[in-house]
Each structure stands twice: as structure tokens, then as C-alpha cells.
Amino acid sequence: MFARNTARALTAPSARLFSSSSARQTKVTVLGAGGGIGQPLSLLLKLDPLVSNLSLYDIRGAPGVAADVSHVDTHSEVNGYAMENLDAALEGTKVVVIPAGVPRKPGMTRDDLFNTNASIVRDLAAAVGRVAPTAHILVISNPVNSTVPIVAATLEKAGVFDPTRLFGVTTLDVVRASRFLASVSGTTPSECDVPVVGGHSGPTIVPLLSQVAKGKGLQGETYDKLIQRIQFGGDEVVKAKDGAGSATLSMAYAGAKFTNSLLRGLNGEKGVITPTFVKSPLFADKGIDFFSSPVELGVNGVEKIHPIGPLSAEEEKLLEACLPELKKNIEKGKAFVA
């Protein structure tokens, strides 16, 4: 009863986490389902009415997570796969979500994770390209600014890269911006839907507060502190967990939220628009071929990449700081696969 009521609550219009129209159900595979993000993400996806089959994979622990999650009384089937069964986990999947990798520890940046997570993501991408080449791939593993180009380059080598099917999940930045602006403005997050563009680490995160009514009037120290908190909110969690992990629960929520948005688009719902890090023409003339901006999701994955719109003087400065750092991150990912 609890799980059923939870599912209903999450699918209510006011919650806006999960939404469904006439459901065309889909197999979703989580690669890294045994980890700190993967476990709560798997639970949330079990509650999503657009997921008919949930396939959970990890190098350890996935069968146990699957057995646990499978007892939740929603309609989807759940299967767990051990390390040697990656291909079986991917067979017939429509959407692959990748939270696999190691978390940040105190003092670490997302880029510090690169050497470990880059090889994990590359190998998983190669498997997806081989077994499920038409699947939509959602990359959570950090550093996203580099891991998304790694996936793209790996799929290109295999001859199966389709830019409309590859997404870096930057939804946590949007979630934080909404929550933190609501706190500052004394309103609710539903009134503070802040577009966040650029990338997914520190100064590459560019919140466009001027495009939201509740954020337009902010200035001075209040504005600066809010921007700092949105850009470096992950550090807040790493410090609070005191060496025991990073933002796993909020990231799982954000990952499930973006997955549901994509599934709604794939299911034919119109007007599903959310920021995500994709292959983009917006700053390609500056050598930056991946960028997060509001993207319309549809039956083909990426349907339309929207421009970032008018910026305030402060946001112009943020974007100016973002672009060279983002370019460096992207090139680092490409070089890893070259």
C-alpha cells in the first residue's frame, strides 16, 4: 500500500517528478545499480509507470538490489545481472542510465574522478554500442563534461553514434537552482524553474536567474551567494557527509526525473523541454560541440535544441568564464578515447 500510494503521489501533477500519458512501456537498464546513486535511482525508476522492465547491472550487488526493488508493488518487472552478464542486461533495452563509477570525497573535484570513471564509462559505452546500438544513453557518471564526449567518441569508433540519443544528466543543477532560489525568494520551487546552461561542474554551471520572475530582482551579495551555492552545491553535500560519499539521493532523484522526461518524449508527449548536456551547435564555432541548454525531447530523443535566450550582464560574465573551462573538459574526454 505504501509503495502504491507513493507512486500515486509521485505521479500527481503537483509533484512533477513522474508523469505519464497513455503509457507505451519501455525497458530501462541501470549500469551501476549497486552504488550510492544506483540503488535509490533503481527504486525511483520502479515507481515510474513508463518503465515496464527494469534491468539492473553492476560489478557487484545488482542481483540483490533487483530482488529487493522487485518486491515494490508496481507493475514493472525487475531483473538483476552480475558482472559477467552485461550483454544480457542490455539486450532489448530502450534507455540506458549510467551512474557507474566512484563518488567524490572531501577535497576532490569532479575532474579528480576522471582517471577512474573515464575507463568505466568507455567500457560500458562500448558494450551499449555492441548490444543495444539504438538505445538512448543517459550519463550521470562524473565528470559529465568529459564522460559524455567519451561515450560519443566510443560510439563513433563503433560506427553507431547518434547525437539525438546521448544525454548528459545536468538535472541536479536545475533541481538545486529551483530549491535554492525558492529559499531565497520565500516562494516554492514550482515557481522557480530556473534554466541552467553550460556544463555540469563548478564554473561551467550557468544559472539563468534573469529568465525567472522570482530571480530577476536579485543582485549584490544575495545574487553572488546563490550562484556560488548552485555551482558548488555538491561540495556542500560532500562536506556534510564527512568522507562517506557525495550527492547520491538528490542525484538519484534528478536522474529519475530526467529519465521520466525522456520517456514521456519517447512516448509521444509534446512540449517536454528540459536542460541537458548534448551535442549542440550553439557554441560549435568556438570549438565547443557539447553544451547544456533547454532541449525538447520527443520520439527521436533530441527533437530541438533551444537557444539560451537573453542574458543579464552578470550571466554574460558567467558564460564567459564557463566556455574555456568547458572546452578543456570536452577535449580531455575526446583525448581519452583518441
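Residues: numbered from 1 along the sequence shown.
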task = Would you sort out whether Ser201 and Asn329 count as a side chain to side chain contact (heavy atoms under 4.5 Å, CB included), showing the intermediate values?
result = CA-CA 10 Å; Ser201 66; Asn329 296 161; 3.9 Å; yes
ask   = Hey, are Ser292 and Thr170 close enough side-chain-wise for a donor-acceptor pair under 3.5 Å?
value = yes
query = Do Thr274 and Lys257 get their side chains close enough for a donor-acceptor pair, meaning under 3.5 Å?
reply = no
key: Partners meeting salt bridge (charged side-chain N to carboxylate O under 4.0 Å, His left out) with Asp289 (sequence neighbours left out)   = Lys279, Lys334
ask   = Would you call Arg264 and Glu269 a salt bridge, taking side-chain N to carboxylate O under 4.0 Å as the test?
value = yes
inquiry  = Under a 4.0 Å threshold between the charged nitrogen and the carboxylate oxygen, would Lys328 count as salt-bridged to Glu325?
reply    = yes
When you compare the side chain of [Y] with that of [X], does any pair of heavy atoms fall below 4.5 Å?
{"X": "Ser246", "Y": "Val237", "answer": "no"}
{"X": "Leu266", "Y": "Val95", "answer": "yes"}
{"X": "Ser210", "Y": "Leu311", "answer": "no"}
{"X": "Arg229", "Y": "Glu236", "answer": "yes"}
{"X": "Leu218", "Y": "Leu181", "answer": "yes"}
{"X": "Leu45", "Y": "Val69", "answer": "no"}
{"X": "Thr29", "Y": "Tyr81", "answer": "no"}
{"X": "Leu138", "Y": "Thr259", "answer": "yes"}

request  = For the pair Ile137 and Arg165, evaluate side chain to side chain contact (heavy atoms under 4.5 Å, CB included) and give the outcome as yes or no after the intermediate values.
outcome  = CA-CA 6 Å; Ile137 303 175; Arg165 294 181 178 143; over 6 Å; no
request  = Would you indicate whether Asp162, at its atom CG, is surrounded by more than 12 heavy atoms from other residues, nucleotides or ligands within a distance under 6.0 Å?
outcome  = yes
Whether over 12 other heavy atoms sit under 6.0 Å from Glu316 CD = yes
task = Scan residues 137-164 for pairs that pass ring pair (Phe, Tyr, Trp, His ring centres under 6.0 Å), counting only residues two or more places apart or in two chains.
result = none
ask   = With no hydrogens and no angle check, is any side-chain donor or acceptor of Thr147 less than 3.5 Å from a backbone partner on Ser141?
value = yes
note = Heavy atoms of Met251 and Ile37 approach each other most closely as CG-CD1, 3.6 Å
ask   = Under the side-chain hydrogen bond (donor to acceptor under 3.5 Å, both in side chains) rule, what pairs show up with a residue in residues 117-137, not counting sequence neighbours?
value = Asp87-Arg130
request  = Anything under 30° is parallel, anything over 60° is perpendicular, the rest tilted; go ahead and classify Phe291 against Phe283.
outcome  = tilted
